[in-house]
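Here's the structure we're looking at; comments come further down.
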Amino acid sequence: MLDIKLLRDNPDLIRQALGKRGADPALVEAAMEADTRRRALLKETEASKNQLNVVSKEIGKLRQSGVDTAAQQASMRALGDQIAALDEKVRGVDLELRQAMLRIPNMPHDSLPVGKDAADNVVARAWGSVREFSFTPRGHVELGESLGLFDFTRATKMTGAGFPLYVGAGARLERALINFMLDLHCREQGYLEMSTPFVVNTASMIGTGQLPKMAEDMYHVNADDLWLIPTAEVPVTNYYRDEVLTGPLPVKLTAYTPCFRREAGAAGRETRGLIRVHQFDKVEMVKFADPATSYQELETLVADAEAVLQRLGLPYRVLSLCTGDISFAAAKCYDIELWAPGQKAWLEVSSCSNFESFQARRANIRYRRADGKTDFLHTLNGSGVALARLVVAILENYQEADGSITLPEALVPYMDGLRKIERRP
RNA sequence: GGAAGGGUGGCUGAGUGGACGAUAGCAUCGGUCUUGAAAACCGACGCGCCGCAAGGCGCCGUGGGUUCGAAUCCCACCCCUUCCGCCA
């Protein structure tokens with residue numbers, strides 16, 4: 001959520017910023033109009049309430065001295081009814097304003113490349129070299145199914161399309177990757193590990209910005225009005241909702257969770273394999289930062305995610321997302337993409353964003369400044385990294401001519417010393 | 001799921017219809033004293049909103065209700081504690 005004061009004082013700045021994103025400028029007009037109406041209405045309501053308060057006090061005094069106050073009481077009863085009607089109006093306008101404000105996306109940072117869509121993203125850097133194969137590299141579906149690492153057919157029987165089922169060494173690889181990444185973030189990069197609920201309430205979803213806009217993309221548990229998390233960002237960021245942080249910043253947290261996404265707008269796309277699924281595992285990193293240093297924190301956050309891929313020896317590139325492609329709540333965002341030889345495509349496995357005070361304002365997360373005042377802090381998060389696609393990249397990059405997989409050195413201790421996944425006779 | 005008790009400012013904890021946005025203590029900040037510190041003493045000290053300001057409105061878990069007037073009375077819900085039941 002943007003600062004309402006900025007909307008009043010400098011709406012052009014917001015219009016401009018939203019224009020760069022390609023967002024609907026009508027959102028700003030709707031919010032401004034509701035705000036103006038709200039303030040006029042408040043003036044009227046508060047004057048009436050003041051009168052009621054003053055006269056009620058007088059009635060109390062008069063009655064103590066034995067004076068009959070029936071007339072005043074009757075007129076205050078009438079005024080009370082008027083106030084109730086005014087309050088009703090204020091509530092309506094408040095709701096309008098809030099709904100409008102919740103739907104205005106964050107303003108992109110000045111450093112972003114200006115652009116319309118994903119085609120205008122800029123490659124900030126690349127790491128590693130793409131492997132030359134002496135044979136035609138296979139895709140992960142063929143590799144994994146022939147090695148018995150996953151079983152899409154039975155997963156569909158259990159649940160439906162898009163829910164992966166890992167078996168044997170495949171399941172073990174999933175667990176190994178999670179442990180490897182958590183160990184890296186916690187032991188070497190200074191993050192505190194958390195294990196969170198996988199289901200959250202509506203207030204949490206609004207706090208991080210998934211609701212109200214993305215309701216269609218979330219799994220909702222009707223009986224209890226709870227939501228399956230689409231990312232650990234939601235529980236981890238909401239850890240500090242409605243709190244004032246008094247300790248040193250940044251606070252760095254990390255958590256493994258499964259992520260649930262309905263992918264409502266993507267039905268029929270990439271239905272086969274692990275590239276687009278309704279449930280995947282992910283290790284997420286979250287930072288609560290001082291506004292003065294949040295952009296430095298973003299750079300180290302990306303570096304922390306890159307370290308995962310460097311240890312695994314996987315070639316990747318870092319994209320600086322353009323103004324037209326960053327997500328709703330982000331002010332700046334880097335995507336990290338892995339090369340998948342079988343797909344002949346770059347796969348997004350991490351998205352590292354600075355939300356500035358956008359989430360903090362929604363979730364009411366503040367810190368104590370040097371001058372003693374409280375203010376909204378900056379939140380950041382990044383995948384460190386997302387599974388399923390990471391598994392795709394490992395299988396496709398480390399495949400051998402005979403269809404076996406040579407595991408990267410860093411994973412060997414996490415696989416009980418297993419160096420090669422081979423077809424079992 | 002059932003029963004009982006409880007939810008008040010950063011913390012502890014008073015307050016059962018009008019002078020209460022709230023007594024007191026602790027904590028914090030400023031000052032006096034001191035070589036410095038501690039102690040003592042003096043003072044300041046919740047948040048949000050509207051307003052140029054003066055000032056006003058709102059906030060005692062949340063939402064309703066009663067009343068001229070609600071932290072206080074009534075209803076519903078949420079959360080916490082204890083006990084019982086069930087349970088991986």
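Letters A, B, ... are given to chains in the order of the sequence lines, protein chains preceding strands, and every chain is numbered from 1.
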Does [X] come within less than 4.0 Å of [Y], counting only side-chain N to carboxylate O?
X	Y	value
A:Asp24	A:Arg103	no
A:Glu284	A:Lys282	yes
A:Glu409	A:Arg311	no
A:Arg91	A:Asp94	no
A:Lys332	A:Glu356	no
A:Arg187	A:Asp183	yes

Open item on the list: Nearest heavy atom decides the nucleotide; on that basis, is A:Lys49 or A:Arg366 closer to the 5' end of RNA chain B?
Closed with: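 Result: A:Arg366.
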
Open item on the list: Nearest heavy atom decides the nucleotide; on that basis, is A:Val55 or A:Gly60 closer to the 5' end of RNA chain B?
Closed with: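 Nearest nucleotide further toward 5': that of A:Gly60.
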
Can you tell me the Watson-Crick or wobble partner of [N], both distances under 3.5 angstrom?
N	value
B:rA22	none
B:rG46	B:rC59
B:rG69	none
B:rA40	B:rU32
B:rA54	none

Expressed in whole Å, how much space separates the [atom1] atoms belonging to [N] and [M]?
N	M	atom1	answer
B:rG10	B:rA3	C1'	35 Å
B:rA44	B:rA37	P	23 Å
B:rA14	B:rA24	P	15 Å
B:rG21	B:rG69	P	16 Å
B:rA71	B:rC59	C1'	11 Å
B:rG17	B:rG25	P	25 Å
B:rG63	B:rG5	P	25 Å
B:rG2	B:rG9	P	29 Å

Counting only side-chain nitrogens and oxygens, does [X] get under 4.0 Å of the OP1 or OP2 atom of [N]?
X	N	result
A:Arg77	B:rU67	no
A:Arg8	B:rC50	yes
A:Asn53	B:rG56	no
A:Asn50	B:rC57	yes

Within this structure, what is the [atom1]-to-[atom2] distance between [X] and [N], rounded to whole angstrom?
X	N	atom1	atom2	result
A:Asn364	B:rC59	CG	P	19 Å
A:Ile59	B:rA19	CD1	P	14 Å
A:Met76	B:rG17	CE	P	24 Å
A:Leu62	B:rA19	CG	C1'	15 Å
A:Leu52	B:rA70	CG	C1'	13 Å
A:Asp242	B:rC79	CG	C1'	14 Å
A:Glu44	B:rC57	CD	P	16 Å
A:Gln73	B:rG17	CD	P	18 Å

Open item on the list: Checking contacts here: which listed nucleotide (B:rG56, B:rG51, B:rG69) is nearest the side-chain heavy atoms of A:Ser56?
Closed with: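 Given the options B:rG56, B:rG51, B:rG69, the side chain of A:Ser56 is closest to B:rG69.
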
TODO: Side chain of A:Arg38 only, please: which of B:rG51, B:rC49, B:rG64 is the nearest?
DONE: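 In terms of side-chain proximity for A:Arg38, the closest of B:rG51, B:rC49, B:rG64 is B:rC49.
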
- [ ] Mind checking A:Arg63 for me? I need base, sugar-phosphate or nothing, with any heavy atom below 4.0 Å counting as a touch.
- [x]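 Base contact.
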
- [ ] With heavy atoms under 4.0 Å as the rule, sort A:Arg98 into base, sugar-phosphate or nothing.
- [x]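 Counting heavy atoms under 4.0 Å across all strands, no contact is made by A:Arg98.
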
TODO: Report yes if the side chains of A:Thr208 and A:Thr231 come closer than 4.5 Å at any heavy-atom pair, otherwise no.
DONE: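 Not touching, per the 4.5 Å side-chain cut-off.
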
